[in-house]
Each structure stands twice: as structure tokens, then as C-alpha cells.
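Residue numbers start from 1 in every chain, and the chains themselves are labelled A, B, ... in the order their sequence lines are given, proteins ahead of strands.
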Amino acid sequence: MNVTSQNYLLTLNNQQKEAVMHNDGPLLILAGAGSGKTKVLTSRVVHLIETQKCFASQILCVTFTNKAANEMRDRILKSLSAKSSSLPWLGTFHSISNKILRKHAEAVGLKSSFTILDTLDQLRLIKNIIEAENIDIKKISPKLVASFIDDWKNKGLTPNEIKINNSNYITDTSLKIYTIYQNRLKIMNCVDFGDLILHCVTIFKKFPDILGIYHANFKYILVDEYQDTNFIQNIWLNFLSSKNNNLCCVGDDDQSIYSWRGAEVKNILNFDKINKNTKVIKLEQNYRSTQNILDTASFLISHNEDRLGKKLWSENSKGSLVEINCYNNGYDEAVAIADEIEKNLSKKTSLNQIAILVRAAFQTREFEDRFIKINLPYRVVGGLKFYERSEIKDAIAYLRIVYQQSDDLAFERIINTPKRSIGEATLKEIHNISKTSNLNLEQASIVYCEQENEKNKTIINLKKIITNFQIWRQLSNQTSHYELMEKVLDESGYTTMLLNERTPEAEAKLENLKELIISMKNYENLQGFLENISLQTSAEEEWLGEKINLMTIHAAKGLEFDVIFLPGWEEGLFPHQRSIDEKGHIAIEEERRLAYVAITRSKKELFISFVNNRRIFANKKDKEIDWMPTLPSRFIEELPKENINIKNNFNNYKEQDFDFNQDQLIQQPTRSPGWQRYQKAKNNNVILTKKISYSNNKTNFKVGEGVIHEDFGQGKVIHIEDNKLIIIFKKYGEKKIIDKFIKKINE
DNA sequence: TAACAACGCTTTTTT
DNA sequence: AGCGTTGTTA
């Protein structure tokens, strides 16, 4: 080994170096935010290859997102001295499972050509089953069933392994649907996301010889974002690592933000207990953020009880204080943030280094509107998923049915798009034939056509499209997949349909289809394209050009920017009411971790803001705007005051008597709700958002005590922090309220 | 019976 | 604001 080949070691600190050079045996790296986690992982892979511990093809490296996988691949390949290496087993849990499952599909009763259903396909299938089984859709929604099925799969449970404890209509019906759902998937030769992992585990369990192949191949296993693995993913890992025991996991319990998807923090908390002789290395030096940002994040996360605890430190400069802003409404907030970017930041910072991170995807809209208006370029990251657009899904559905006749979901999707007079009633007939004669929908359609009057318009159209399927199927063996796509779009009438619409939307769709055809050229053939498309969340994300980044906090995980804006820190939005309702305390801790992730994305400057009135959605009918008066997020109060600077924009408006009339875009005949709220607050002495209290007063309320609140009615105290009470109200669920607005119930 | 228009209900986070 | 469901028309 020569010296130059060890360049990757030069810039590492001692802990990082120890992690990179660790030889065999289980290794757990607890890596705080910004501590060089990716660098350690990539360096370790490079180290293993350069020191000839194994070949590149013998390393299994698992990430959660394609983005992370791509970045890691780039970085590793750049550092390797032998440029010819490739990393065939670097990818997401799902993409690697896909690869494994294609090789051994028969072992679980599938054909290697199986199709991967996305969430929308999944919902459609569930809905079909609900209809076919005559279950009342009003009693149980497909979404709910889907979440049950996902939960079960995340726990590694197949339908016959499930034992329902507290049996009720919802769980029983969901289980019944789950059973049918799995059968339908098998018949259609389809899998969903959960199946990719679960089928692999089933294979590992049932076929030791197959598992042996992977034991022999995977000398080292590395896992990124380990805190977000769920039960079944962990089992998956344990199977694969059980022979060599060279499992290296990197994670941060404070950044666990996917429990709603089944992630179990206990995987990381118990790692060293389950894997004997685990070496644990903590990376606690932060290289990313300024002191102020880091302190803010650390102080906030210290409010969580359930954590391993790390002491992040940094040699970086103090930097500027974290700015806290308060605005009247979401529109003002968007205007102010756009102004800040336009006037102050765009001169010294690249727009690419600025990001606005939101709790919920819909929040980006207000910013988009503003940016369009003042002509600031932006990109929404992860927002509009290319392959989930309806026209793209339609196009792919055509290819799916051509590729695989059994794909009933694809058949149903496009059989009447464009319109061919094949309506609901016809489809129902076809379904009946399919069910009684055990045929797929295409075969059933042929039977149906023979039964019916051949002069019927519907029958003529149906015959025609099925003939087309057959012609295209022939053609798919002779022409390239992208030429086939072009032909299918033209001959099916899809292109004509869009052309006839003559709307800007239709034109955009045509453009997207062109883009699809171009991107198809990246795949070798039809099979390669269809096998991978469902796992590809976005077409080559457009990171080109100078643009402001808009995304959800979840999507920002693993990324960093010079300047971060965090709007919408309001109770109900962040922390999100729905998560509070569903899981209470545990959810608050997860929301807090989410806030921690958000803050720690920032390298230099951080702006947090909240508004007094959040617009929910516009009601078209009476053109009134629905407003929700909001309180600042409890997380605002949990920030360390010596690191933040509260800029009170609220006061400016108060001097103008808090009148919203200068707000030109929202013209309202009456006083705005914000004004009304202000008046009410003034009279009732209710908490005003401008007064952010840091008092440490102790309260004389007790946990468990019954209380009453003017607006929220009766409730019970379930948690106390200083003078702030968390109360479950009978009607409004959990809220956090300062004690002086609460009365004891018997007073 | 299919296509089109009007109504109305919902919005967390994702491979 | 966008989609699915329901109601109306051809």
C-alpha cells in the first residue's frame, strides 16, 4: 500500500479514523449531526477496498434514499485509486431487496418479472378488493387498510401469522383484506414496497442455501441512518450479517424521525446488546454549524427524555444569533422570507445554499407563489415526484400491460384513458368474468367481446385496444423500449387526447412524456426500465442552476445548507396536531427530533418563524378564507435565549392598530380573524404571541388533576413543565397551555 | 350507459 | 386546490 492511496485518512479526526480502520466484528457509530458520518462511511468503504480486505462487490452498503446512495457512490468512486471498480451492492433497502428478489422470485411463488406497485397502485388494489367483497367503503377507508398492511409487513407478519388482540371490525376487516390482497398480488405477479423486504426475509428463513450465497459474498455490511430501520429491516440485516458479523451501523438516535413508518429506535439503542463484542464509537465533534446553531439544537433536543445522550461540540465560530420572527399570517411570512433572501442574502450567498424547510409539503405553496411573483428561482426537492404524475403513470401502465398480461391494475388504469366508451358497467362485467372463470382482465375482456353484440361501440373499441396490446407485445421484441413507448402513446390515442385539450396543463404533460422517453434511454431494455422504475422516486433531480431549495424537513435529512429558514413553527402545525392526537408524548419527542434535524441542517445562518393566523384552505363557494388563529410552537420556548434574537415583527403591526388593510392580496370586507383574535386576546388577557415567556415559575397544578379552559372546556393534566401544562381536553385533544389560563375544575 | 358538471371533503412526514 | 363522489345530461 503506498502513501497516496491513503489520502482518505488524512482529514479524519481520531474517532473517525478509528471507525474507518476498525477491522472485523460489529461496529456501531453514534454520529451526531454534522459529525462527518457520510465521510466516515465512504472512507471506510474505500479503506476496505484499498487495503484489500475485500472486493468492492463484496461490500453491502445500505441507505434509505436513492439520493444518499448516489452521493455515497460518487464519493467512494472518486476516492478509489482503481477507477474501474463499481459498487453493485450499494443502494437502498428496497433496491437491494429488489435485486435479490429478482434472482429468487420463484422461492416465494413469483416470477422474476414481477412489477413493483407504488402507494397509489396499492390503494387502488385495496379499493378494488373492498368493492369486490361488498365491504362498505364508508366504514373502512383504503388508506387505513393500507396502513394496517404496511404496519404488519414492517413487523414481518404475513396474514396467517397475525393474532389480533383487541378484535374489532376495522382490524378484522383489514386482516381479511390483507389475505385477499396478498393473493391478488401473487396472481398479478406484483409486489408492494413492504413485500420487497419481507419476501427476502422469508427466503433467507426458508432457504439456507440461498442465504449461504449472500453470506459467502457479503464480507462487510454497512448501514446508514440506522436509527430509521424498522423491525423487518433489522431482521433482514441480521440474516445477512449473521455469518461474518461484520456489520457496521451508523446512526443518531436524536435524528430518528420515521417511527410512523415503523422505525424502531430500539434497534440502535440495543445494538451492542444483541451483537456481541460490539465496538461503539461516538462522533461528537460537529464540523457543520456555528456555535449558536449547535447550541440551539442541543438545548432543544435536551428536552427529550428518551435518548442516549451525546455532547456535541465544535471549534467553529459563534456566528450570528438564530433569528426568531413572528408574522401576522403565512403570506407575510413568505413575503418577509423572500425579501430577506432577495435583499440580504442573494448578494453574499449562492441561492443553492439557501433552503426553506417545512413540516408539511403543502406549506411550500405560499413560498412558490411569492418566488414566482418576484422572480426568484427555486426548486421543490422531492415534492413533485416525476413518476407519480398521472400522465407518466398512464404511459407506464401501457407498457406494464404490454409487458405482463396479468397486470390487472395497469389494465384498469388505461383501458378507458383516453375515453373509449368502456365505462363502469362494462368493467364490472369484465370483472365478473374474470372472477368466475379465473382469468385476468385482458383474457376476460376477450371472452366478454365474444358474448356481446359486435356492433356495439364499446365492444368495437374494446376489441381494438386489446388487438393493439397484442400488436405492441409482438413489437416489444423487435423495437427498443423507448420507440415502443412513442408508438404506444400515438397509437393508443393518448397523445391525440392531450393535443385536443389545448390547455397549458396538457402541453406540460406532453413535455413530461417527452422527458420520460428521453429518460428511458438510460435503461437497457423494457424489462430493465419496468423493474426499476417504481423505486426511482425522481427523475435525475435537477440540482443544476442557481435556485432556492424548498422541501420538507424529512426530505432534508442528510443535507446541509449555509442558510436555513424554518417557517410555520406553530402549535398544531409543528408539532403537528395529527401526530399529537395519534401518539401523544412519544410523538412530541419525535417532532422535537424533527426540529433538531431541521436546525442542524444549517451551517451559518438560521431563521425560525411563526405566524398568528394560518390560512387553512380557500373555500371557493363564498370566497371566504378559512383562518386558524395559532399559537407559537412549544419548541420556540424551548430554545436557549442566549443564542437567539427575537425580532418582533408583530409589534410593527400593533402600532398601526393591527389592521390588516394594507394586505392587498387578502381583501376582506370584515375585520380579519387576526384582528378579531387580537381584540379578544387583549380583552381576555390571553397569551399573546409576542410575549414569549421564559419564566420558570412553578405551578400548583398536579398531574392527573381535572381542569377547565375557557375555549377548550374540560380536560385533564397529563404532564407539567414549569408553569406549562399539557392537558388532554375532552373535545380538543392534547394541548400545551400556560397555567394562568387554566382553572381547577372544582373551583 | 357513458360523459360531463357540480359538489364536497380533505392535508404529515416516504421507500 | 385537487380529487373523488354524486347528480345531470345526451
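Nucleotide B:dT15 holds its P atom 17 Å from the CH2 atom of A:Trp236, rounded to whole Å. Residue A:Gln577 contributes atom CD, which lies 16 Å from atom C1' of B:dT13 at whole-angstrom precision. If you take CG of A:Leu594 and P of B:dT14, they are 10 Å apart, rounded to a whole angstrom.
With A:Tyr258 as the aromatic partner, A:Arg261 meets the cation-pi criteria of under 6.0 angstrom to the ring centre and within 45 degrees of the ring axis. A:Arg592 forms no cation-pi arrangement with A:Phe635, by the criterion of a distance under 6.0 Å to the ring centre and an angle within 45° of the ring axis.
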Polar-atom pairs under 3.5 Å, protein N or O versus N or O of nucleotides 1-5 of chain B: list them with distances, or write none.
residue: B:dA2; atom: OP1; partner: A:Gly423; partner atom: N; Å: 3.0
residue: B:dA2; atom: OP1; partner: A:Thr426; partner atom: OG1; Å: 2.5
residue: B:dA2; atom: OP2; partner: A:Ala425; partner atom: N; Å: 3.2
residue: B:dA3; atom: OP1; partner: A:Ser421; partner atom: N; Å: 3.1
residue: B:dA3; atom: OP2; partner: A:Asn416; partner atom: ND2; Å: 3.4

N/O contacts under 3.5 Å, protein versus nucleotides 4-8 of chain C?
residue: C:dT5; atom: OP1; partner: A:Lys127; partner atom: NZ; Å: 2.7
residue: C:dT5; atom: OP2; partner: A:Lys127; partner atom: NZ; Å: 3.4

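Taking a 4.0 Å limit (strictly below) on heavy-atom distances, residues 551-560 of chain A reaches DNA chain B at A:Thr552, A:His554.
For B:dT12, neither phosphate oxygen OP1 nor OP2 lies less than 4.0 angstrom from any side-chain nitrogen or oxygen of A:Arg359.
A:Asn230 and A:Asn154 form a side-chain donor-acceptor contact under 3.5 Å, judged by distance and modelled atom types alone. Side-chain contact annotation: A:Gln122 with A:Lys143, donor-acceptor N/O pair under 3.5 Å absent. Side chains of A:Asp369 and A:Tyr331: no donor on one and acceptor on the other come within 3.5 Å.
In this structure, A:Trp260 forms an aromatic stack with the base of B:dT13, since both conditions hold: centre separation below 5.5 Å and plane angle below 30°. Where stacking is scored as ring centres under 5.5 Å apart with planes under 30°, A:His576 registers as stacked on the base of B:dT12.
At least one donor-acceptor pair closer than 3.5 Å links the side chain of A:Asn532 to the backbone N or O of A:Gly528. Distance alone, capped at 3.5 Å, is enough to place a donor-acceptor pair between the A:Ser579 side chain and the A:His576 backbone.
Counting non-hydrogen atoms under 4.0 angstrom, A:Phe193 reaches a base of the nucleic acid. Within the nucleic acid shown, A:Lys153 has no heavy atom closer than 4.0 Å to any nucleic acid atom. Counting non-hydrogen atoms under 4.0 angstrom, A:Phe93 reaches nothing in the nucleic acid.
Few gaps surround NZ on A:Lys463; more than 12 heavy atoms of other groups in view lie less than 6.0 Å from it.
For A:Glu71, the salt bridge (Lys or Arg N to Asp or Glu O under 4.0 Å) partners are A:Arg75, not counting sequence neighbours.
Residue pairs satisfying the ring pair (Phe, Tyr, Trp, His ring centres under 6.0 Å) criterion with at least one member in residues 119-139 of chain A, sequence neighbours excluded, are absent. Applying the salt bridge (charged side-chain N to carboxylate O under 4.0 Å, His left out) definition to pairs two or more places apart or across chains, none involves residues 415-424 of chain A.
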